[in-house]
Every structure is written in structure tokens, then in C-alpha cells.
Number of protein chains: 2
Amino acid sequence: MKAIILAAGKGERLQPLTKNKPKGLLKLLGLSLLERNIFLLKEIGVKEIGIVVGYKGEEIIRNLSFNLSSQIQLYFFKNPHWKKGNGSSLLCAQKFVQNEDRFLLLMADHFFEPKGAREFIERSLKEKGFSHLWIDTSAAPGINREDATKVKLEKNFIVDIGKNLKDFDGIDCGMFLLTPEIFPALKKAAKNNECTVTAGIKELAKKKHLKAEPIKAFWQDIDSFTDLKWARKKLLSSIRSPTDGWVAKFINRPVSLFLTSLLAETSLTPNQITFFSFLLSLASALFFFLQNSFVAGILCQLSSIIDGIDGEIARVKFKQTPFGSILDSILDRYADAAIISGLTFLSYMQKPSSLPIILGALALSGAPLSMLFKEKFKSTFKKTYLPQKEDQIANFLFANRDGRLFIIFIFSLLNLPLIGLLIISINSHLLTLNRLIQVKRNL
Amino acid sequence: MKAIILAAGKGERLQPLTKNKPKGLLKLLGLSLLERNIFLLKEIGVKEIGIVVGYKGEEIIRNLSFNLSSQIQLYFFKNPHWKKGNGSSLLCAQKFVQNEDRFLLLMADHFFEPKGAREFIERSLKEKGFSHLWIDTSAAPGINREDATKVKLEKNFIVDIGKNLKDFDGIDCGMFLLTPEIFPALKKAAKNNECTVTAGIKELAKKKHLKAEPIKAFWQDIDSFTDLKWARKKLLSSIRSPTDGWVAKFINRPVSLFLTSLLAETSLTPNQITFFSFLLSLASALFFFLQNSFVAGILCQLSSIIDGIDGEIARVKFKQTPFGSILDSILDRYADAAIISGLTFLSYMQKPSSLPIILGALALSGAPLSMLFKEKFKSTFKKTYLPQKEDQIANFLFANRDGRLFIIFIFSLLNLPLIGLLIISINSHLLTLNRLIQVKRNL
């Protein structure tokens, strides 16, 4: 499938941020709005993207060509008359999609939550012959979002669209799946001196050729600083992982998300962060061997927090790779093994006996079981195991990785390594036993 | 979808085995041919099965009702005129499927490899409006299987069918997906005193309403002792796992398959065998702690062999369960941990120093990595990791479970536990490193 992104406008309200650059090049957590939309389209299977530029067009072309042309096929269309309205911009790309059944249309200055975009495409593609528009019904009717483009529905069809509708059922989110029928409609509207996409869309609505897809996902038309801040906040909260345990959720994530919001602006890659977190855990182990429980504990918890950042950066910057995911899993196991070995050594030095060694062996064999169970569960039942939901009372064992490292952290600060070792060695096995019982019971 | 199994005939040639029982109740590795076909249908999503009985019908009804009625909805149809031919049997079940778009038809005395049945259904369901027949083209043309029902093709359509065709393109395997059009066809054939399914099918073929689905999978019309033996052999070889390493493939499997062929006849469940294998590994660990390296080694290898049987029994008797699969994975990790702990203890007693303890920690942390990597690979790439194919030269590390336990076995027999420990502790990490490099390289 092909897609068109309209990036010709100026975006007056975002000045001074956009004084010297077009709105589409505005950065949001390390990627420009345009880059975000291009990666989004790539992720949902779009192979060729046409970008219509106008205001500071050369800058957009230079920027995107440099950053992205090796990753996806981009075509640029220049609209010298961009001031006329975005309808004229879409007409510039007519040839690019004229022979397609349907194509996607996005506004460069809109932010879309990826899961919403995926749902919109999936649902729209099911019905042939119509054009579709992602609409937001959550705020309507009643709440008037000043300046938003509103739509009036009859069943699933959009029958009217415009900024000044008084009676409306939803808001136009700025993502369309269109048939080439839009082009004659745009030309017809242009004859009435209405050169906007909305005016063309209105023609389709009149014929009941435009279906509404109400999608529950975050989107934002970036018109002001408030919009930009809000999108940033939403984007950050959307990359939390549903598999987080309590420690991850309430302690690690708030810190790691803050760090991610800073690091996303740099060129650090997720794999570099994975390695850094791994090095921290090796350093933690080293300090255990040096019998400095306090420093070791702090490094351990720090490593646990940083361990969340690689995934966050990957998600926020569309940099998730299979290798990165596997590397992270394997290095986490090595980090665990190193820290547990160090903890065992320190426990032994404090109380030389066979007890710490037995506990160390129990902890070493128990530590990988949590992840191992989750992966096996996933491949067996084809769904993700959500510890917070399914472990029930066993959540109090804190036997997932976040909890385990946190227990080590606390008891290391207290200089009670043997107690920490005792707890993590027993809890991982209790958790595994509990999970086996749950699976057996739920079948 | 509904299915009909024809189980009314007598099966003269299998006497004396079938002297007092109908052919469908003949056992093949612990399940009757009928039970095999019923489980097969259940596995591919059939919810209701009609079974037409004749010769010794009451016995079939009693037997299946007792064994299976809690697991799937069975309907029995009695054909008092079964001697007339199997066409009359199919007509007995007409009401059962009259209102279906299509239904499956199987012969009770045929054995079908499950993957073939699955492929047949999937392919047949893609095209509506026709009837379909699983045919075997591997032996044809040329090789004349005396007594088989042959088919003549024009493109994908069957244009003639019968036992005496001289010019033919394939063999009728005895599995059909039919439209209710078969019933008038059967009645028409019956008027000409031809009361067989083949005669009815021939009517569909004449109209070009019957499509051939050439499937490459094992099937067998069980007519003689040779057929039965052959099916048994094929069934046993089909349950080998594609993920087997060399030790599993060439040493463990031949033994475990032999044991499976015996144990399948008993009522032992896969989970009982999983536990037995686990107990053997605990016994192996115990003997390591008792410093009896020889017995420990033998128990270790025995446990490794028995560990294959649970899966084999599960596959051969349609008893695979998600819980069984997860339980096996988790208990294998505990078995590994117990054996490695015992091996470490013995190594330490023979050479008291920190070396065995360090190696023990390396081995304990390395042992789960092989499975962990494979599961992570599967959930990331949505395909099974095949060590024999993908590990390449790292296969020589023998660092999968079969190889690991075999190394422990050998070095325990030689009373060199520390050497065994050294090898398995290093090899598991080398294997993991090699796999990470492979994944990185292949992206």
C-alpha cells in the first residue's frame, strides 16, 4: 500500500519553535513528527510514501532524504501554491496514487499512537469500495474542541464535516484511507474556491462514500506547545510494559521514563543501553566480591532501572529489533547470575558454611525460571503472561526480575546479604510452583 | 464442521485379529483405528462426528461411548444392510449432514498422518462449491497398488475413479470433503446396483464436481498385517522431534521409541512419565552426593532417555496438553539443577577447592540458556529454532540438554566428574555466544 503525508503548511501557532523550520520537522522525543509518521507507516506495512512539501520544502527533503531514504522509499512532491490550502497539496500527489485501489493520507503535524493506526488500517481494509476516516468519538457530542474538524454521522457514514458544525458526533483525527475518488471531489471543491482536504472530503460525505472508524487510541493535532507537551506525555506513558511487576511499575518506570525522555534526544542506541545496564550489574557483582555490600546494592538497583530504558528507547524511537530483544533477555540472565554469585560470595565470607552455597545454587537455578515460564507460556498459549494479573497473591513474592533485584538492593543496603539470598532463592521456586498450579487449575 | 466415519464393514483379511471384533477397533499403539480418526478430527476442529456402524455395531458403540463420549459429541447410525456396500452406510447418515455446506468423510479402517489431514482440510476449505478428495500421487503413474481405488485427473478435477482403472494419476486415500450433492449421486448409483461410496463419487467426477488434493503425507488403508505393521512404524517415526540434537537423534530416540511402542499399550500418562524421568534425575543427583559416580551417571542418562518418552506418548496418543508441555520444561530445569549440584559436590569432594564451585555456578547459570534462547527465538521470530540446522559447528559442543546429560554420563562412568563439569559449564556459554552471533549475522 502507498501513503501520502501532507507536510506543506507553516504552522503559525508554534512560533518561535517553528520560526525557521516547518512543523513536520518539530522534534518529539528524538524524532521529528514526520519521521514518527513515516516509521509508523513502515511498521504497518506501507512500502512507498509520497510527501507533499511547500513551506521550507527543501529543508524537509534534505532532512528526510538524509535520515530515512535507506530505510523506506520516499517520493517528494512540491506544492508551490501551498498557501491556497492543503487540498491543493493533495492534488500534487495525484499521479502517485491514481492507480491504487486505496491509499493512506496523513497530516504531517499529527501525532498518532501506533496501536490506533494499526487498528484503523485493519478495520478499514476489511470493507472495499469506500473511503474511511479515523474519528474520535470520546469527546463528542457536547465537548466542543474549538478549531477541530468535526463530523456528523448517520450510522457508520459521515454525512457532514467541517470546523463549524454545531451538531456533531466525532472529531476528524487526520488519518484517512481514501479511494482515488477524492481527486475529482477536490477539483470540484476547488472550483468553489475551497482548496482544503476537508472540502473534498465533504463531497465524498455527501455521496455517503465515506465511512467513520471510531478508534480508541491517542492522537493529537500538534497546533500549540500544550499539544506538543501532551503528546510527549502520552507517548511516554504508552511505552510502559504490561508485564511490569510492582517494583518496575511504581519505582523503576517513573525513573527510567524520565531518563528515557532525556536520552531519546541523544543518539544512544537501545543495544548500547543494554550493554551499559549489563556493565552496571557486573560492577555490582564486583563490589559484592570486594565485600562492599552498600555500593553493590546501589549498583544492582541502578542496573535494574537502566535495564528498562533500552526497551523504552526502542519503542519510543521505532528501534525495536529481534536481536535487541534476544540480547536483552540473555544479558539479563548473565547479569542475574553475576549478581547472585557475588551475593553468595559475600554471604559466605560473612558466615562461612555450606548454607550460603546451597542458597546460592537455589537462587542461580531459580532466577531464570520466571522468564523461562513466561516464554514457554507464550509459545504454548499464544498469549503474553501478565504477572500482575495472573500471579495473584504470588506477586507478594517479588520473584520477577524487578522484585528480585530490589530485594537484593534492600538487604545489601542493610548489609544482610544472606537474608536477601535466602528470600530470593526461596521465592523464585515458590513463584514457579504457584504458576504451575495456576496453569493446571485453569485448564 | 461435522464429519462422518464409516465403520460398518467386516475386514475379512485381518482375521484372526478381527475374528471377533470390527476392524475399526483394531489397536495401533494403544488407540483403536477409530479412536485415532476421532482424535484426529477433534484436533482439526470437528465438533460433531457421525459414525455409521454395521458388523458388530453394538460393540463399537459401547466401546467408543465409554472411552470418548465425554471428549467429543458422537452420533451413531446403524446400517443393518452394511453387507450391500459402504454407499448404503453413508446414506444412513444423510440427515446428520443434509444441511451442512460440506462435511468430512473418513473410512474407519484408514490411518492418516495428522499433518496430512490438517493440510487436506486447509486446502479444501479454500475453495467453495466443490467436493474434494485426498489423493496420493507419489506412487502413480506406473506403480499399481493392487486393490487400491485409483483416480484419473484432468487438471485438478477427478474425472474417473475405480479399482480397475488402467490409466490413472493417483490413489484415493479415503478422506473426503463432500457437499450433500453426494447423496443423490449415491442414490443414482444404487439404482444401478452399485452401493459403494466410489460409485457415488464417480457420479460427482462425471460432472467435474470433485477436486483432487494431492497431499504428501503418510496414509494407510489397513487391510492386512503388513499394513498394520507399516502404519505402526510410520507413526513411531513421525513423532521424532525436529529439534533433537545428535545424542537425542542417534542414541536416545531409538531406545525411547522402542519403549514408547511398549508403553503406549499401557494406561501410563505422559505426565506420569515426566515425573518418573524427574525422579530418576533426583536419584542421579542423590548418587552423586553419595559419591557413587558410576550409578549416578547411568541414572542421569536413563533419565535423559525417559525424558523423551512423555512427549512421544503424548504425540502418539493425542494426549498433548499445554500443562504437560510447561511441566516438562520446568521439571527438566530442576532435573538439570539437581544433577549439576550433585556433580559439583562430587567434584568438590574429590578436589576440594574453589574451582568446582565456580564451575558449578557457571554450569547452573549456563544450563537453562539453551532452552531460554530457543523459546525467546520462537516468540521473537515466530518460528522454531532447529539446533541441528542453525547451530552449525556449535553442534559439536553438545550443549543442548541431550548432549549435556550425555557428557555427564560419560565422565561419570570414567569417574572424572570435574572434567565433565568443566566441559558442560564452558560449552553452554560458548553455545549461547555462538547463537547470539548467528542471530546478529542473519539479520
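Each chain gets a letter, A, B and so on, in the order the sequences are listed, and its residues count up from 1. This is a predicted model, so every value here is computed, not measured.
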Asks: State which residues pass ring-ring contact (aromatic ring centres under 6.0 Å, His included) with A/Phe289; sequence neighbours excluded, sorted by chain then number.
Replies: A/Phe345

Asks: Mind checking the CG-CD1 spacing from B/Leu369 to A/Ile330? Nearest 0.5 Å is all I need.
Replies: 5.5 Å

Asks: Between B/Ile340 and chain A, which part of the residue has a heavy atom less than 4.5 Å away: side chain, backbone, both or neither?
Replies: neither

Asks: Tell me, do A/Val439 and B/Pro322 make a side-chain contact under 4.5 Å, heavy atoms counted?
Replies: no

Asks: Can you tell me which portion of A/Leu362 sits under 4.5 Å from chain B's heavy atoms? Options are side chain, backbone, both or neither.
Replies: neither

Asks: Distance-only criterion, 3.5 Å: which donor-acceptor pairs connect chain B and chain A?
Replies:
| from | atom 1 | to | atom 2 | distance (Å) |
| --- | --- | --- | --- | --- |
| B/Ser325 | OG | A/Lys376 | NZ | 3.4 |
| B/Ser329 | OG | A/Lys376 | NZ | 3.4 |
| B/Tyr334 | OH | A/His429 | ND1 | 2.4 |
| B/Glu375 | OE1 | A/Ser379 | OG | 2.9 |
| B/Lys376 | NZ | A/Ser325 | OG | 3.4 |
| B/Lys376 | NZ | A/Ser329 | OG | 3.4 |
| B/Ser379 | OG | A/Glu375 | OE1 | 2.8 |
| B/His429 | ND1 | A/Tyr334 | OH | 2.5 |

Asks: For atom CZ of A/Phe39, decide whether the heavy atoms of other residues, nucleotides or ligands shown that lie under 6.0 angstrom number more than 12.
Replies: yes

Asks: Check ring-ring contact (aromatic ring centres under 6.0 Å, His included) between A/Phe381 and all other residues, then give those that pass, not counting sequence neighbours.
Replies: A/Phe377

Asks: CZ of A/Phe323: more than 12 outside heavy atoms within 6.0 angstrom?
Replies: yes

Asks: Could I get the full list of ring-ring contact (aromatic ring centres under 6.0 Å, His included) partners for B/Phe411, not counting sequence neighbours?
Replies: none

